[in-house]
Amino acid sequence: MPISVERSGDVAIALVIGEYLDAGNAREFRQEIASVLKDSSKVILDLSQLQFVDSSGLGAILSCLRHLTTTGGELRLCGMTKPVRALFELVRMHRVFEIFNSREEALASFSR
Amino acid sequence: MNSVDGISTGEGSMRPSSRFAESLLSKISSSVLPFAERFGFALSWTSPGSKLWLARHQACTCDEEVATPTAVSRLEVRHDGKVIGELMLCPGRLAPDMLESLLAVSEMSIRQTQLEFEEEALLSELAESWESLDTLFEITSDLKFLLRPGEILERIISRAVAGIPASRAVLWIETGGRLEPATSYNWSEARARDATSGLVGRALASSETVALSEERRIREIPDLEPELRSASRVAVAPITTRNRLVGALQVWDESLEGKLDSHRVRLIEALALQAATVVESERSYRTSLEVERMRNDVETGARIQKLLLSARPPVARPGLDIAVLSVPSRLIDGDFYDFIEFPDGTIDLFVGDVMGKGVPAALVGAAAKGHLLRTIAVRTGAQKIASPAEIVTRAHRKMSRSLIELESFVSLMYCRIDPKLRSLTFVDCGHTNSLHFSRDSGALSVLKGENLPLGILEDEMYGECELSCQSGDTVIVYSDGVTEARNAEGEFFGEERLGELVRQHSSLQAEALLERLRDSIVSFCGSSSFRDDLTCVVIKFGDAGPGVLSRQTSTEFVSNLQQLAPMRAWLRGFVSQSGMQIDDQVFRLELAATEVMSNIIRHAYAGRAGHPISAFASIENTSLTLVFSHWGQGRRPDRAELPELNGDRTGGFGNYIISSIVDDVTFSEDADGRCHVKLVKQLNR
């Protein structure tokens, strides 16, 4: 479950590379994203490649939010495909996260 | 000349001590500082241990704080209930009205920052509350599945430890003024103790949850329990039922820090409430057991035998949906039933009723069932399975003499179902009429045979009748406990009401139809316990049979989380080949299927790799059925996760997702211990 990271100023943009985030690779995701969360307090998770996320994947993304909130950081999500968006709405998590359509919009939200 | 110092290069070069200050000063610098150059005033930010100049002018003397105290305006800034700093504005040459405006703008910036942080805290609390709700949802699902009380208490305590979080816990039950440890987590020194001393005693005396997260404050408690002497956080919630003290839930840790805020307290109180329910029902159960034991021993023995009178229905298969409702009466009765699945796919079922009540009837019932099963076993394995009529006749020959001597007789309905031909061959021996509802014509007809009950004529020959059914038809076989259930006025529930109910709910699945029937009888009688046993079997014939191609498929997977993606691909393939569109609803099915299979791998098989999981899918009209079968631990709800203190938990989201997406989930286990999880969903084309 590779994650490619770009920086824009002090913001880390992490692109999740893979078609799905489920119970089979959620642990791997947590391990990969841990270093990004350690280094940056402003993180954008780009989910545009994901076509499927299950409750384990959601739990992993939620733990990113928790980690950042506890350390005073901020998390944005962008690029959600329809199925992934449907999951977030099903468990009403779409109100808990800051979700944007594109990276640019997510980035812009940081310089408020 | 004024100099404007920005935040990052302020004099004293001390950065603001908190994120709040940073955010506030950022607002101040864009709203107020631009005026400093033009109007010449000084602005500084003082927080404990540091002073930061945001703007200064040459004439400013406010360094010496005492110098001109009245000239300086101070704005105290509070966050999280504490004063974290002070904005000081030294007016210099500012005109009074300008000063007023700038102070107002500064106050607005302070207020805005406070609101932002409040919102952030609320969102964070919301996310954390999700975890608590998640936990509570899991527990609620647990109790539905009737775990043994000891197991439920263990799960409650595991969740308390995960949710607070903490590393040790104990659940105390009050017995005769002392606390006995019912179950503990990560603490092996739990021993019975006094209920009035220490921190726990304090919580119990006040009937309120005590939650402390400072070592100092914990150590202040007089008579502190020895295990809490090195605790860094502890929470104790009294467990009470009907204002009676029943026990306490004690959770603590020795190194974790951080305040235990209100929703953690609420969580532990909710868990204590759950524990109260369990303890209370365990107490009543134990009491009633004791009372039972004081009764007739033979009756107790007969109760055990009663279990032999019932059976599990066969599980989902293409074209056939069978479910059974079996409600034993308050007293012992003589209803019995069973199902036999033959290798060629035919299913035999029989429902019987022994005349009379009490232990003798139950024993006769058990014996009759035994004779039938033995006869079937002996007659099978020959070239052809014996016909229903032959089976009943032979079994009867073995029993009839004894039945006559006992002056007992047995009514019986024996059916053989062929799912391929959708035929029902039955031998009705004086049993209550069975019903057949035809979906196509809407007609409700009665299935009745000409035979006498067993035990009337010693050498009776039994004859069978045949019924042909269509897809969508329903057949109901039931005992007279159903139609002879009485209401307060002495009226019978009757065949008509039963027929009407079947007609009204003919489109429901067998299980759902039985639920409606049960509810209907309960509300008719005004009670959920009955004089007679209620036995009712619903048989529904469906579309897909082995002769029909394309609408069903099955495959095997292995208990490995990497198989989730291939399973989804298999499901997508099946759905698209069946002509359904791949769209949102397919994604939702994939999600529900993923959660189910994930649960089987992680819980039923407890993470052990390499075990088989069969998957079966069928589409019948617009109804999709998915069945996952395994040999793992049956549907006991997920074993509580070992709490990992980095917050790595998976929780009840999965169960919630499954139940939100599909129309129906059923868990069943057949006689050999093979477990099945069946999902049913109506699709839109």
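Values reported hereafter were calculated over all heavy atoms of this structure, with side chains retained and with hydrogens, waters and symmetry mates removed.
- Heavy-atom minimum distance, B/Leu564 versus A/Ala23: CD1-CB, 3.8 Å.
- Here the closest heavy-atom approach between residue B/Arg588 and residue A/Ala86 is recorded as NH1-CB, 4.3 Å.
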* To do: Might you work through the side chain to side chain contact (heavy atoms under 4.5 Å, CB included) test for A/Lys82 and B/Phe587, ending with a clear yes or no?
  => CA-CA 9 Å; A/Lys82 245 176 42 152; B/Phe587 157 69; over 6 Å; no

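- Side-chain atoms of A/Leu90 and B/Ile661, non-hydrogen and from C-beta on, do get closer than 4.5 Å to each other.
- Listed by first then second residue, pairs satisfying side-chain hydrogen bond (donor to acceptor under 3.5 Å, both in side chains) with a partner in residues 32-41 of chain A read A/Arg7-A/Ser40, not counting sequence neighbours.
- Residues B/Thr594 and A/Tyr20 form no side-chain contact, since every pair of their non-hydrogen atoms from C-beta on lies 4.5 Å or further apart.
- Residues A/Asn25 and B/Leu561 have side chains not in contact (no heavy-atom distance under 4.5 Å, counting atoms from C-beta outward).
- Partners of A/Phe88 according to the ring pair (Phe, Tyr, Trp, His ring centres under 6.0 Å) rule, which considers only residues two or more places apart in sequence or in another chain, are A/Phe97.
- Note on B/Arg568, B/Met597, B/Glu595: by heavy-atom pairs under 4.5 Å with chain A, the leading option is B/Arg568.
- A distance of 8.0 Å separates CD1 of B/Ile658 from OG of A/Ser55, quoted to the nearest 0.5 Å.
- Other residues, nucleotides and ligands place more than 12 heavy atoms under 6.0 Å from the CD atom of B/Glu556.
- Shown here for A/Leu87 and B/Ile657, the closest heavy-atom pair between the two residues is CD1-CD1, 3.7 Å.
- Looking at B/Gln563, there are no atoms closer than 4.5 Å to chain A (heavy atoms on both sides), in backbone or side chain.
- Within a 6.0 Å sphere centred on CG of A/Asn101, other residues, nucleotides and ligands contribute 12 heavy atoms or fewer.
- Residue-environment remark: CD (A/Glu19) stays at or below the threshold of 12 foreign heavy atoms within 6.0 Å.
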